[in-house]
Visitor: 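A single structure is presented below for examination.
Nothing here was measured: the structure is a model prediction, and the numbers come from that model.
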Amino acid sequence: SLQERAYPDLHLCSTPQLTPRATLHGNHWVLYNHLAATEQPPCNASVTYTTHADYTYLHNLSPLVERWRGPISVAVFAPGDDFNATLSTIAFLKACRPLVAQFTSFHIFFPVDHLPPAIPKMEEFLVQAPSCSLPPPSTTQPTYKSKHNLTYPVNVARNVARMAAATYFVLASDIELYPSVNFISRFLAMMTTRDSSHDLRPHRRVYVLPIFEVKSGMRPPATKTSLVRLLRRGAAIPFHKFVCPQCHLVPGLRAWAEASLGDTLTVTTVAKRHAPYTRWEPIYVGTHLEPLYEERLSWEGRSDKMTQ
């Protein structure tokens, strides 16, 4: 099978405990598993969606986990006074969004020179019993990050979230990108199929997911069938088509769109990041063996995934 050929050590992985711990990561403190998911699958039985945000974007976890229905590892940037607002938002999600509490582990990080005034325990916020009839906590006031003109260390966040993932396979993505439903089960089923490559030795590989954006106000499609229908109507376009088209110029996109729309997940094209795809920034399922992201690049600097 594909798994036996490319990932012979899959069933030898060990499932770590989601234990809270504080670690110095470069010039950032990281509070790993400051609130851990209540459910943890075996390391070889799922795929972890690793992502990142500050507290103003955490509302995206609800639609994300509704589709993913599996482990999510999220790194949350919380410098200075943003720390308490972050804990309040996480406490709301824990109390009012059962799927978020079930599947999501939160890792909070902040620069060593922008520490919170205090670091209260998560339990102090959980006992406050937020009202679930209200929207998630937010503020119209500027965040600590914006008031102090801090850049967003996106690749530190990506690496923190990925290093904390407790499964063999990981999908490093952004919090506003929503996957197709039932992706995990379909991906693991694909691992049991025959490896169609003819290489004498299996090469390192990752599994790229084409990403798209839909018109404002439209509900994101849940399946490839619905997505392809929107693409043909012009209601969906390749991600960042008018911002950075070369960043998401996916090899074989036409073949992908024309491939079977059934329940089976398959590989439609095999490619490398060579010309004319040298600026391609793929979102993919890989393992912990893939390189980490270059942490000197920031979100504001753009091209933040190019040096992975």
Side-chain angles (χ1 to χ4, degrees), residues 6-7 10 13 16 18 25-26 28 30 32-33 37 40-41 43-54 57-58 60-61 63-65 67-77 100 103-109 152-180 183-184 186-188 190-191 204-213 239-240 244 247-248 250 265 267 271-273 277 279-299 301-308:
Y7 308 103
L10 173 63
C13 68
L18 300 179
H25 179 102
H28 290 82
V30 183
Y32 284 103
N33 297 307
Q40 182 183 16
C43 59
N44 58 7
S46 193
V47 181
T48 298
Y49 193 106
T50 69
T51 190
H52 56 91
D54 64 26
Y57 280 81
L58 289 179
N60 288 289
L61 283 171
L64 173 59
V65 74
R67 290 163 173 260
W68 189 245
R69 300 292 178 120
I72 296 176
S73 173
V74 57
V76 188
F77 186 52
V100 173
F103 291 115
T104 307
S105 294
F106 295 88
H107 322 290
I108 305 175
F109 73 106
Y152 180 62
V154 59
N155 283 348
V156 174
R158 287 189 174 114
N159 290 341
V160 164
R162 206 194 82 178
M163 289 188 294
T167 55
Y168 185 93
F169 290 113
V170 292
L171 169 58
S173 188
D174 291 336
I175 202 166
E176 293 179 294
L177 298 180
Y178 304 150
S180 297
F183 176 83
I184 295 174
R186 291 176 180 177
F187 179 81
L188 295 177
M190 185 179 72
M191 288 294 108
R204 292 281 297 279
R205 60 187 82 180
V206 295
Y207 302 89
V208 177
L209 282 66
I211 55 178
F212 305 88
E213 50 188 290
F239 188 64
H240 282 180
C244 183
C247 296
H248 296 281
V250 179
L265 197 63
V267 174
K272 294 186 178 181
R273 195 162 68 178
Y277 304 106
R279 298 202 63 193
W280 183 22
E281 297 184 350
I283 299 291
Y284 59 81
V285 177
T287 72
H288 288 277
L289 293 178
E290 269 59 72
L292 294 173
Y293 293 96
E294 171 53 70
E295 296 186 357
R296 289 173 297 178
L297 300 182
S298 68
W299 179 264
R302 307 303 179 188
S303 297
D304 46 86
K305 295 193 289 293
M306 287 306 301
T307 56
Q308 184 188 29

Visitor: Considering non-hydrogen atoms only, spot the tightest contact between Ala53 and Tyr152 and give its length.
Guide: N-OH, 3.1 Å
Visitor: Are side-chain heavy atoms of Leu292 and Arg162 found at a separation under 4.5 Å?
Guide: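 Sidechains of Arg162 and Leu292: in contact.
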Visitor: Under the side chain to side chain contact (heavy atoms under 4.5 Å, CB included) rule, what do Phe183 and Val285 come out as? Steps first, then yes or no, please.
Guide: CA-CA 11 Å; Phe183 176 83; Val285 177; 3.8 Å; yes
Visitor: Any non-hydrogen side-chain atom of Phe77 less than 4.5 Å from a side-chain atom of Val160?
Guide: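 Phe77 vs Val160: side chains apart.
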Visitor: Whether the side chain of Ser73 engages the backbone of Ser105 through a donor-acceptor N/O pair (distance < 3.5 Å, no angle test) should be reported.
Guide: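 Checked: no pair found.
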Visitor: With a 4.5 Å heavy-atom cut-off, do Val206 and Pro282 have their side chains touching?
Guide: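 Side-chain contact under 4.5 Å: no.
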Visitor: Taking the side chain as everything from C-beta on, heavy atoms only, tell me whether Arg158 gets closer than 4.5 Å to Asp174.
Guide: yes
Visitor: Let's go through Val154 and His52 carefully: what are the C-alpha distance in whole Å and the side-chain angles of both, what is the deciding distance for side chain to side chain contact (heavy atoms under 4.5 Å, CB included) to 0.1 Å, and is it a yes or a no?
Guide: CA-CA 8 Å; Val154 59; His52 56 91; 3.5 Å; yes
Visitor: So, taking the atom named CG in Asn33 and the one named CD1 in Ile108, what distance separates them when rounded to the nearest 0.5 Å?
Guide: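 Interatomic distance, Asn33 CG to Ile108 CD1, rounded to 0.5 Å: 11.0 Å.
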Visitor: What's the shortest heavy-atom distance between Val170 and Ala165, and which atoms?
Guide: CG1-CB, 3.5 Å
Visitor: With no hydrogens and no angle check, is any side-chain donor or acceptor of Glu294 less than 3.5 Å from a backbone partner on Asn155?
Guide: no
Visitor: Taking the ring of Phe169 and the ring of Tyr7, is the distance between their centroids below 6.0 Å?
Guide: yes
Visitor: Given side chains that start at C-beta, do those of Leu61 and Phe106 come closer than 4.5 Å, heavy atoms only?
Guide: yes
Visitor: How far apart are the closest heavy atoms of Thr51 and Ile72, and which atoms are they?
Guide: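 Scanning both residues completely, I find the closest heavy atoms to be CG2-CG2, 4.3 Å.
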Visitor: Roughly how far apart are Ile184 CD1 and Thr48 OG1, rounded to 0.5 Å?
Guide: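 These two atoms lie 8.0 Å from each other.
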Visitor: In Å and rounded to the nearest 0.5 Å, what is the CG to CG distance from Leu188 to Leu265?
Guide: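 That separation rounds to 10.0 Å.
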Visitor: Taking all heavy atoms of Leu18 and all of Ala166, pick out the closest pair and write down the distance.
Guide: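 Closest approach of Leu18 to Ala166: CD2-CB, 4.1 Å.
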Visitor: Quick one: does Arg204's side chain have a donor or acceptor within less than 3.5 Å of a partner on Leu289's backbone?
Guide: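 It does hold such a pair.
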Visitor: Answer yes or no: is there a donor N or O on one side and an acceptor on the other, between the side chain of Asn60 and the main chain of Glu176, under 3.5 Å?
Guide: no
Visitor: Between Glu281 and Phe239, does a side chain to side chain contact (heavy atoms under 4.5 Å, CB included) hold up when you go through it step by step?
Guide: CA-CA 11 Å; Glu281 297 184 350; Phe239 188 64; over 6 Å; no
Visitor: Give, for atom OG1 of Thr167 and atom CD of Gln40, the distance between the pair rounded to the nearest 0.5 Å.
Guide: 9.5 Å
Visitor: When you look at Phe187 and Leu171, which way does the side chain to side chain contact (heavy atoms under 4.5 Å, CB included) test go after all the steps?
Guide: CA-CA 11 Å; Phe187 179 81; Leu171 169 58; over 6 Å; no
Visitor: I'd like to know if the side chain of Tyr178 reaches the main chain of Val65, judged simply by a donor and an acceptor atom lying under 3.5 Å from each other, with no hydrogens or angles considered.
Guide: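 Side chain of Tyr178 to backbone of Val65, a donor-acceptor pair under 3.5 Å: no, none is there.
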Visitor: For Val208 versus Tyr284, what's the shortest heavy-atom pair and its separation?
Guide: CA-CB, 3.8 Å
Visitor: Does a side-chain heavy-atom distance below 4.5 Å link Leu209 with Leu177?
Guide: no
Visitor: Indicate yes or no: at least one non-hydrogen side-chain atom of Met163 is less than 4.5 angstrom from one of His107.
Guide: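 No, too far: nothing below the 4.5 Å cut-off.
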Visitor: Kindly give the heavy-atom pair with the smallest separation between Ala37 and Phe103, and that separation in Å.
Guide: CB-C, 3.5 Å
Visitor: Is there a side-chain contact between Leu64 and Pro179 (heavy atoms, below 4.5 Å)?
Guide: yes
